[in-house]
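None of these values were measured; they are calculated from a predicted model. Letters go in sequence order (proteins before strands), and every chain restarts at 1.
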Amino acid sequence: MGGAIAVVELLNAAAPGIASLIVMIRHKDSSLSVLQVLDEADAKFSANLKEATDWLAAHKGQ
Amino acid sequence: MKRGIVVIPLLALALVACADDKLKKVAESLKITAESIGVVQSTVIEANKQKLVSDDDTRKILQVCIKVNQAGQEATAITRGLAKLNSTDRQSILKILSPVLLSVSRAIDNDLAGIKNDDTKQKVKVLLLTIQSSLNAAQIALAAS
């Protein structure tokens, strides 16, 4: 019984660390990383915005 | 009591380990949208350089592109902070994406009419339809409970 409680306490102590580790692994794994996909999308949206606004500025009132 | 204490962290672990497929679908749809809108812009700007599309028509299409890019950035910012989608987050992203989908539909129906060069018109139309489909996929993922 004492051993079981010790295991329970160990699990409780380790759970937050394991959860962080799983999040890290998910972020490192490109097939699972939502953040990486969002970073790529965001960078592309920014580049697109620059391209479009540059063209509009260069052709203003023409 | 001890059993209850261990169940909570284990549930949390299970939630973290389980990838949110809907969130991933939204992220991937946004990325496809970003890439497609980039190709629309490049195609139209290049066609404009070659005098195949007038400045006015290029301007109209780029203004729609700007709306899509801005909405995409907003949707990306909201999605970035989430581990899982709840109903409030869903509504926020839907509110941003819905008017953009309307603008893309309008561009397909009206703004392309001004492009006289059929090849360019067809290319841009296919890309706008891709954007429409990817935004629709994001909406479906967001609307699903």
Next item on the list: Output the distance between atom NZ (A:Lys44) and atom CG (A:Asp42), rounded to the nearest 0.5 Å.
Entry: 12.5 Å
Checklist line | Euclidean distance, B:Gln73 CD relative to B:Leu30 CG, rounded to 0.5 Å | finding: 11.0 Å
Next item on the list: Name the member of B:Asn48, B:Ile61, B:Ile32 that forms the most heavy-atom pairs with chain A at distances under 4.5 Å.
Entry: B:Asn48
Item checked: Most contacts with chain A, counted as non-hydrogen pairs under 4.5 angstrom, among B:Thr58, B:Val44, B:Thr33, B:Val68 -> B:Thr58
Checklist line | A:Asp39 bridged to B:Arg80 by N-O distance under 4.0 Å | finding: yes
Check: Salt-bridged, A:Glu40 to B:Lys31, with N to O below 4.0 Å?
Finding: yes
Next item on the list: Start with the C-alpha gap between B:Glu74 and B:Gln70, add the side-chain angles, then the distance that decides, and say whether side-chain hydrogen bond (donor to acceptor under 3.5 Å, both in side chains) holds.
Entry: CA-CA 6 Å; B:Glu74 284 180 60; B:Gln70 286 170 336; over 6 Å; no
Checklist line | Residue pair B:Gln41, B:Asn69: steps toward the side-chain hydrogen bond (donor to acceptor under 3.5 Å, both in side chains) verdict | finding: CA-CA 11 Å; B:Gln41 291 182 192; B:Asn69 285 310; 2.8 Å; yes
Report all side-chain donor-acceptor pairs from residues 106-115 of chain B shorter than 3.5 Å, counting only partners two or more places apart or in another chain.
none

Note to self: Quick check: under 4.5 Å, non-hydrogen atoms only, which of residues 121-133 of chain B neighbour chain A?
What the structure shows: none
